[in-house]
Peer 1: 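The structure that follows is given in the form of structure tokens.
Every chain is numbered from 1 and lettered A, B, ... according to where its sequence line falls, protein lines coming before strand lines.
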Amino acid sequence: MNAGTETVEKLFSRSIQSLEGVFDFTNEFALIHRINDKVRYVLDLAVEEFFTNMVKYNSKGTGGIQMRMSVNNNEIIVHLVDPDSEVFDVTKDRGIDLHKSLAERNVGGLGVFLVQKLVENLHYHHQNRISTISFRLPLE
Amino acid sequence: MFDIRMNEHGDVVLSGRLDAAQTEKALEVLNKITKSVMVDFKELDYISSAGLGVLLATQKRLSQSGNRLKLINMNSHIKDVFHFARFDMIFEIQ
């Protein structure tokens, strides 16, 4: 893995247990690019929420989930690709009501909602059963 | 690596990273709690919505008997997540 704008990519099996490897991947990337703790937290949170969504809501999909990362113009650019999925547009409003009482609150959709608030240029593309999520994070 | 344990004062101590792969481990301890306790986040580096979910489920269960979790020693990143999720409205955070 080299610094600069070179894209690094890795394929992960469709399992929650793959998260450890996903975080090893982001950790190595963060060390090379000297990403600060605050940005690193958001990077891990965004990747986890999207990766686990792909696993939980598409457990019967075939093939692994590919992750690509690069740095360009002081931004981290991340792509997550599911090669076999129905449409699940992560840019849509999750309808989260943050003002419900404790008894009424649940966490369904909360992860995607949080990431929508924390990342920039969140995009979703679906074609020929291939879902691609991409987002950017400023390095500072 | 995530760990959860009870300390000598009866507080719950979290450490490491509470992600979606660690929720069962967290619930094994949290499901045994029946009274109000403090949850110490001092050694916890990271929490995702999956982790928020196990805390929320525990808070809901305890509230039915008039009990609750009190969360202490969060780092600033985790505090931000609680704030964005408005979980600072349903947990007492010190």
Side-chain angles (χ1 to χ4, degrees), chain A residues 12-27 30 35-57 59 65 90 94-119 137, chain B residues 1-3 14-27 30 36 39 41 43-71 74-93:
Chain A
F12 296 96
S13 61
R14 193 182 295 272
S15 164
I16 294 296
Q17 302 313 316
S18 296
L19 275 178
E20 186 175 354
V22 169
F23 292 139
D24 286 344
F25 188 46
T26 59
N27 185 48
I35 296 169
N36 69 47
D37 288 347
K38 184 176 182 179
V39 176
R40 165 80 194 283
Y41 194 110
V42 177
L43 173 65
D44 280 355
L45 185 68
V47 168
E48 177 183 339
E49 300 299 348
F50 292 142
F51 186 89
T52 55
N53 258 24
M54 287 172 163
V55 172
K56 279 168 58 180
Y57 301 116
S59 60
I65 294 165
V90 297
R94 298 290 112 191
I96 302 291
D97 184 350
L98 298 174
H99 301 288
K100 284 183 175 176
S101 67
L102 170 64
E104 296 172 318
R105 284 297 301 265
N106 63 65
V107 292
L110 180 63
V112 171
F113 168 84
L114 287 173
V115 176
Q116 287 174 344
K117 298 288 181 194
L118 292 169
V119 304
L137 277 176
Chain B
M1 176 67 87
F2 168 71
D3 195 29
L14 307 177
S15 60
R17 298 169 63 89
L18 179 43
D19 60 41
Q22 305 298 332
T23 55
E24 286 184 20
K25 185 174 183 177
L27 281 170
L30 293 173
S36 294
V39 182
F41 279 58
E43 297 169 15
L44 192 74
D45 300 318
Y46 171 88
I47 191 168
S48 65
S49 70
L52 296 182
V54 299
L55 292 171
L56 178 66
T58 305
Q59 187 80 325
K60 280 186 177 183
R61 179 175 57 77
L62 290 175
S63 72
Q64 291 171 355
S65 54
N67 294 293
R68 61 187 172 150
L69 301 176
K70 182 189 288 186
L71 315 182
M74 278 181 192
N75 71 37
S76 61
H77 311 310
I78 292 176
K79 201 170 275 187
D80 284 346
V81 170
F82 271 73
H83 175 70
F84 280 120
R86 293 291 186 272
F87 270 40
D88 49 0
M89 306 299 288
I90 54 181
F91 288 94
E92 182 178 343
I93 298 172

Peer 1: Determine whether the aromatic ring centres of residues B/Tyr46 and A/Phe23 are separated by less than 6.0 angstrom.
Peer 2: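 When the ring centroids of A/Phe23 and B/Tyr46 are compared, they turn out to be within the sub-6.0 Å range.
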Peer 1: Measure A/Ile96 against the heavy atoms of chain B and call it side chain, backbone, both or neither at under 4.5 Å.
Peer 2: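 Neither the backbone nor the side chain of A/Ile96 comes within 4.5 Å of chain B.
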Peer 1: Specify the closest pair of heavy atoms between B/Ser49 and A/Leu110, including all atoms of both residues, with the distance to one decimal.
Peer 2: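 What the structure gives for the nearest pair is CB-C, 4.5 Å.
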Peer 1: Can you tell me how far apart CG (A/Leu45) and CG (B/Asp80) are? Round to the nearest 0.5 Å.
Peer 2: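 Rounded to the nearest 0.5 Å, the CG-CG separation comes to 11.0 Å.
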Peer 1: Roughly how far, to the nearest 0.5 Å, is the OG atom of A/Ser101 from the CE atom of B/Met89?
Peer 2: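 Answer rounded to 0.5 Å: 12.0 Å.
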Peer 1: Between chain A and each of B/Ala21, B/Ala50, B/Ser76, B/Ser63, count heavy-atom pairs under 4.5 Å; write down the option with the most.
Peer 2: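 Top option by heavy-atom pairs under 4.5 Å: B/Ala21.
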Peer 1: Identify which part of B/Ser48 has an atom lying under 4.5 Å from any heavy atom of chain A, answering side chain, backbone, both or neither.
Peer 2: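 Contact with chain A: backbone and side chain both.
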Peer 1: Of all the heavy-atom pairs spanning B/Ala20 and A/Leu19, show the shortest one and how long it is.
Peer 2: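 Between these two residues, the closest heavy atoms are CB-CD1, 3.8 Å.
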Peer 1: Do any of residues 47-55 of chain A have a heavy atom less than 4.5 Å from a heavy atom of chain B, and if so, which, in residue order?
Peer 2: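 The list, in residue order, reads A/Glu48, A/Glu49, A/Thr52.
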Peer 1: Not counting sequence neighbours, list each pair that qualifies as a salt bridge (Lys or Arg N to Asp or Glu O under 4.0 Å) and has a residue in residues 98-109 of chain A.
Peer 2: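 Output for this query is empty, none listed.
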Peer 1: Say you draw a straight line from CD1 of A/Ile16 to CD of B/Glu24; how long is it, rounded to the nearest 0.5 Å?
Peer 2: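 Result: 10.5 Å between the selected atoms.
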Peer 1: So for A/Leu98, is it side chain, backbone, both, or neither that comes closer than 4.5 Å to the heavy atoms of chain B?
Peer 2: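 Both the backbone and the side chain of A/Leu98 come within 4.5 Å of chain B.
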Peer 1: In Å and rounded to the nearest 0.5 Å, what is the NE2 to NZ distance from B/His77 to A/Lys38?
Peer 2: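 Nearest 0.5 Å value for the NE2-NZ distance: 8.0 Å.
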Peer 1: Do B/Asp19 and A/Asp44 come close enough that some side-chain heavy atom pair is under 4.5 Å?
Peer 2: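 Sidechains of A/Asp44 and B/Asp19: no contact.
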Peer 1: Can you confirm whether A/Glu20 is buried at CD, in the sense that more than 12 heavy atoms of other residues, nucleotides or ligands lie under 6.0 Å from that atom?
Peer 2: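 Count not over threshold, so no.
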Peer 1: At their closest point, which heavy atom of B/Leu52 faces which heavy atom of A/Val107, and how far apart are they?
Peer 2: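 Closest approach of B/Leu52 to A/Val107, heavy atoms only: C-CG1, 4.3 Å.
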Peer 1: Quick check against the 3.5 Å criterion: does A/Tyr41 have a side-chain atom that pairs as donor or acceptor with the backbone of B/Asp45?
Peer 2: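 Checked: no pair found.
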Peer 1: Decide if atom CZ of B/Arg68 counts as having more than 12 heavy atoms of other residues, nucleotides or ligands within a radius under 6.0 Å.
Peer 2: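 No, because the 6.0 Å sphere around CZ of B/Arg68 holds 12 heavy atoms or fewer from other groups.
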